[in-house]
Number of protein chains: 2
Amino acid sequence: MTGERRSYRRESEESRREALVLAALDLLAEGGPAVATVRAIADRAGVTPGLIRHYFAGKDDLTRAAYRYFMERMTAESVAAMAAGPDDPRARLSRFVTSSLRPPVMEPLRLSLWTGFLQLLHSDPEMRAIHRQTYHGYRDVLEALIVALARPGTDAARCRADAIACNGVIDGLWLEGAALPEDFSGDLIEQIGLRAVGAILGADLPEPEKDHP
Amino acid sequence: MTGERRSYRRESEESRREALVLAALDLLAEGGPAVATVRAIADRAGVTPGLIRHYFAGKDDLTRAAYRYFMERMTAESVAAMAAGPDDPRARLSRFVTSSLRPPVMEPLRLSLWTGFLQLLHSDPEMRAIHRQTYHGYRDVLEALIVALARPGTDAARCRADAIACNGVIDGLWLEGAALPEDFSGDLIEQIGLRAVGAILGADLPEPEKDHP
DNA sequence: CCCGTTGTTATACGAATGTATAATAGCGTC
DNA sequence: GACGCTATTATACATTCGTATAACAACGGG
């Protein structure tokens with residue numbers, strides 16, 4: 001009668017894991033940890049809750065996988081924007097900065113998602129390790145771009161410090177722009193970020209090419 | 001035998017509410033919302049869970065009260081740190097920056113507490129209103145300090161933009177230093193912040209006076 | 001000194017959570 | 001085309017959550 005077992009298709013481990021991770025990210029962004037329950041995640045991914053424990057050791061394990069996925073995607077997006085365009089060092093750095101300070105990278109949903117993860121840092125050492133890895137990954141890209149500027153009279157230590165400072169500007173502005181999007185019109189945050197990074201590095205950064213003329 | 005009812009003292013509504021708010025802040029900082037349960041908060045405050053509903057409409061109501069309390073205390077601390085010392089504009093700004101980039105302001109526990117609240121922003125309009133108020137309050141202080149530098153050839157709009165940029169640097173570095181305290185030795189973050197703010201403003205900021213000679 | 005008010009505790013309840021275990025069915029293999 | 005492996009579903013379980021309600025006791029006023 002009503003007791004029909006739902007039909008399903010067997011799929012690869014890879015696609016199932018990704019579907020579950022994406023579903024977890026969706027729910028975490030929309031409603032935070034309170035909403036991202038095992039049942040809700042499975043439902044969003046089109047499976048039943050039990051399957052999560054078949055691919056992940058537990059909910060914490062899934063959360064960690066989602067965090068790594070999220071952070072690597074953020075960096076990859078900025079890297080892609082940086083790589084897409086003229087090879088001039090200053091133009092590349094300029095694209096890297098501005099792409100981090102506008103949608104889809106700078107977005108309220110990403111902020112709440114990010115804060116949700118950040119909260120798990122101090123209680124979960126493994127999460128902190130993931131954070132360190134991905135943070136260093138982003139900063140290393142930034143540092144390489146700064147080194148490529150070939151500014152005279154700047155050694156490696158200075159470039160490292162400058163990368164930390166620029167990373168701070170970008171993070172902070174990203175935070176503010178995503179927390180209060182209605183407070184900053186148009187590309188205000190991008191321009192402020194560009195000028196601040198330029199001031200810190202003592203280099204004049206060009207405004208990036210507009211997609212829409 | 002064992003069924004002894006625990007003794008207690010009647011106390012004022014004010015002190016009970018504050019005790020509950022402080023307990024909630026403690027637990028939110030230590031373990032996030034997952035740990036700050038009604039029972040845990042009551043236990044920390046030295047009362048039983050039922051009492052919370054006697055003083056607050058529900059857990060959400062207590063959370064809002066805790067958020068308000070936390071933000072007001074943060075603002076008061078920042079203003080105090082800025083005001084305590086010589087009246088030189090550059091020295092005041094310097095103290096304001098560095099005091100935000102070292103303990104007890106820059107601390108892992110404050111970071112998790114802050115992220116915990118930030119997460120409630122997108123679902124609770126009342127929280128967002130409080131966030132906007134306090135953020136603008138903080139930035140206005142910073143902007144006033146920047147205006148007081150009396151840099152030649154800088155208008156009000158420029159000072160506003162500079163305040164946003166400096167706020168970004170401070171927030172971002174605070175974030176990174178609190179998230180990975182073991183990554184930055186000594187006063188590295190403070191010095192980087194000082195130099196970055198100085199570069200953005202085109203002003204050389206003095207290193208603040210040391211408390212310990 | 002007793003008594004009423006009410007701050008406070010104790011207990012209970014329904015819902016929801018993460019996890020464990022058993023049953024089923026899709027799909028490759030022979 | 002039957003079989004076996006295992007991905008997937010279904011069900012059950014213990015726990016914990018926020019909240020509701022009833023019993024108790026501390027303290028002030030008569």
Side-chain angles (χ1 to χ4, degrees), chain A residues 1-24 27-28 30-67 116 119-120 123-124 126-127, chain B residues 1-24 27-28 30-67 116 119-120 123-124:
Chain A
M1 317 270 101
T2 62
E4 294 273 315
R5 193 187 182 89
R6 86 191 247 178
S7 68
Y8 61 92
R9 284 180 38 221
R10 293 192 162 200
E11 297 199 357
S12 71
E13 169 171 351
E14 186 185 20
S15 74
R16 274 281 134 91
R17 290 180 74 100
E18 186 178 18
L20 287 170
V21 162
L22 289 177
L27 290 168
L28 280 171
E30 293 171 9
V35 170
T37 67
V38 170
R39 286 168 177 80
I41 293 171
D43 194 55
R44 176 74 57 111
V47 297
T48 51
L51 197 63
I52 288 183
R53 297 255 318 146
H54 189 265
Y55 285 112
F56 298 93
K59 195 197 179 185
D60 292 351
D61 193 31
L62 170 56
T63 302
R64 286 190 274 261
Y67 184 48
Q119 212 165 5
L120 305 174
S123 61
D124 189 337
E126 203 165 328
M127 285 289 275
Chain B
M1 320 259 99
T2 63
E4 293 272 314
R5 193 186 182 89
R6 85 191 249 178
S7 69
Y8 60 92
R9 284 179 38 220
R10 294 190 164 200
E11 297 200 356
S12 70
E13 168 171 351
E14 186 185 19
S15 75
R16 275 278 133 91
R17 291 181 73 100
E18 186 178 19
L20 288 170
V21 162
L22 289 177
L27 291 168
L28 279 171
E30 292 172 10
V35 170
T37 68
V38 169
R39 286 168 177 80
I41 293 170
D43 194 54
R44 176 74 57 110
V47 297
T48 52
L51 197 63
I52 287 183
R53 297 254 318 147
H54 189 265
Y55 286 112
F56 297 93
K59 196 195 180 186
D60 293 350
D61 192 31
L62 170 57
T63 302
R64 280 196 202 91
Y67 183 51
Q119 210 171 348
L120 305 175
S123 60
D124 190 333

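Treat the numbers as computed from the prediction; the structure is a model and nothing was measured. Each chain gets a letter, A, B and so on, in the order the sequences are listed, and its residues count up from 1.
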request  = Let me know the distance between CZ of R5(A) and P of dT8(D), rounded to the nearest Å.
outcome  = 12 Å

Check the interface with nucleotides 3-7 of chain D: list each N/O to N/O pair with the protein under 3.5 Å, or write none.
| unit_1 | atom_1 | unit_2 | atom_2 | d |
| --- | --- | --- | --- | --- |
| dT6(D) | O2 | R10(A) | NH2 | 2.2 |
| dA7(D) | OP2 | H54(A) | NE2 | 2.9 |

remark   = Hits for side chain to side chain donor-acceptor pair (under 3.5 Å) against Y67(A), two or more places apart or cross-chain, chain-then-number order -> H131(A)

inquiry  = Rounded to whole Å, how long is the line connecting atom CG of L20(A) with atom P of dG18(C)?
reply    = 14 Å

message = A side-chain contact here means heavy atoms from C-beta on lying under 4.5 Å apart; do T48(B) and R6(B) qualify?
response = yes

query = If you measure from CD1 on I41(A) to NZ on K59(A), what distance do you get to the nearest 0.5 Å?
reply = 5.5 Å

Among dA26(D), dA10(D), dT8(C), the nucleotide that comes nearest once only the side chain of T48(A) is considered = dA10(D)

query = Just how far, in rounded Å, is P of dG18(C) from CZ of F56(A)?
reply = 15 Å

request  = Check each residue of residues 57-66 of chain A for a non-hydrogen atom within less than 4.0 Å of any atom in DNA chain C, then write out the ones that pass by number, or none.
outcome  = G58(A), K59(A)

Which atom pairs, donor and acceptor, lie under 3.5 Å between side-chain atoms of residues 11-24 of chain A and protein residues at least two apart or in another chain?
| unit_1 | atom_1 | unit_2 | atom_2 | d |
| --- | --- | --- | --- | --- |
| E11(A) | OE1 | S15(A) | OG | 3.4 |
| S12(A) | OG | S15(A) | N | 3.1 |
| S12(A) | OG | S15(A) | OG | 3.2 |
| S15(A) | OG | S12(A) | O | 3.2 |
| R17(A) | NH1 | Y55(A) | O | 2.7 |
| E18(A) | OE2 | Y69(A) | OH | 3.2 |

remark   = Residues at least two apart in sequence or cross-chain that pass side chain to side chain contact (heavy atoms under 4.5 Å, CB included) with D43(A), listed by chain then number, are none

query = In residues 33-42 of chain B, which ones come under 4.0 Å of DNA chain D, going by heavy atoms?
reply = T37(B), V38(B), R39(B)

ask   = To the nearest angstrom, how far is R6(A) atom CZ from dG26(C) atom C1'?
value = 14 Å

query = Should E126(A) and D60(A) be marked as a side-chain contact (heavy atoms from CB on, under 4.5 Å) after you check the CA-CA gap, both sets of side-chain angles, and the distance that decides it?
reply = CA-CA 10 Å; E126(A) 203 165 328; D60(A) 292 351; over 6 Å; no

ask   = Does a side-chain heavy-atom distance below 4.5 Å link V35(A) with E30(A)?
value = no

request  = For I52(A) and dT17(C), give me the distance from atom CD1 to atom P, rounded to whole Å.
outcome  = 12 Å

task = For residues P33(B) and Q119(A), report the shortest heavy-atom separation together with the two atoms involved.
result = CD-NE2, 3.1 Å

ask   = To the nearest Å, how far apart are L27(A) CG and dT17(C) P?
value = 11 Å

